[in-house]
Amino acid sequence: DQQVKQNSPSLSVQEGRISILNCDYTNSMFDYFLWYKKYPAEGPTFLISISSIKDKNEDGRFTVFLNKSAKHLSLHIVPSQPGDSAVYFCAAREIQGAQKLVFGQGTRLTINP
Amino acid sequence: NAGVMQNPRHLVRRRGQEARLRCSPMKGHSHVYWYRQLPEEGLKFMVYLQKENIIDESGMPKERFSAEFPKEGPSILRIQQVVRGDSAAYFCASSPLGQGNTEAFFGQGTRLTVV
């Protein structure tokens, strides 16, 4: 029962272009969404988050969009840089103070010079 | 300000042995979470602890796995009688408040290999 899905295992983007990573969810009780970045042999690093009461949150080169009716969110990185090459995980949290995050399977992003 | 510290980074155990994974949260953080990542999969929640209390263990296997976060010292995830299927990366995260209010900071993980 995969409540958070990242259907693209990998994505390759040219340096300087936009990277778009997608995430779908099935649980309508999720009210907070996060994106984490992970390098090999390291722990996940928080990137950006969005509350379900918003549809967009921007932080520098990173923007997260939330479409609640479609149960879909996306992470935009522009311009993409070689250091952005990593695995990106989408995660979601249920409302009512639940403390655990549900993660997607991850998307491996490769930025080509 | 040191981040979340996990040790050991790598752990090899034979089938049937015990594995003990340690996690020291960031200074000032009183909430600890353990996640497990199997190869080619996302992280799966295991357990959420506060000092001396298990708050949510809904992701913990019912047998062989236990976790604690004593008043003094690190949080410990213990796996008894390990099997090959326990081979995974185990990540610990900590937060100053309940994770619902802020993002959690992750350690570098312990990679457990059962041979």
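In what follows, every chain begins at residue 1, and chains take the letters A, B, ... in the order their sequences are listed. Just so it is clear, the model here is predicted, and its values are computed rather than measured. Side-chain atoms are counted along with the backbone in the values below, which use heavy atoms only and exclude waters and symmetry mates.
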Under 4.5 Å from a heavy atom of chain B, the part of A:Q2 involved | side chain
Minimum-distance pair of heavy atoms, taken over all atoms of [X] and [Y]:
X: A:E42; Y: B:F91; answer: O-CE2, 3.7 Å
X: B:Y35; Y: A:L101; answer: OH-N, 3.1 Å
X: A:K100; Y: B:S58; answer: NZ-OG, 3.0 Å

Top contributor to chain B contacts, counting heavy-atom pairs under 4.5 Å, from A:G106, A:G104, A:A41, A:P9 | A:A41
Would you say B:F69 and B:I79 are hydrophobically clustered, going by side-chain heavy atoms of ILVMFWY under 4.5 Å?
-> yes
With a 6.0 Å cut-off (strictly less than), is the heavy-atom count around [atom1] of [X], excluding the residue itself, greater than 12?
X: A:K5; atom1: NZ; result: no
X: A:R108; atom1: CZ; result: no
X: B:R15; atom1: CZ; result: no
X: A:E15; atom1: CD; result: yes
X: B:K51; atom1: NZ; result: yes

Please flag which part of B:Q6 lies under 4.5 Å from any non-hydrogen atom of chain A: side chain, backbone, both or neither.
-> neither
Ranking B:R111, B:M46, B:E41 by heavy-atom pairs under 4.5 Å to chain A gives rank one to B:R111
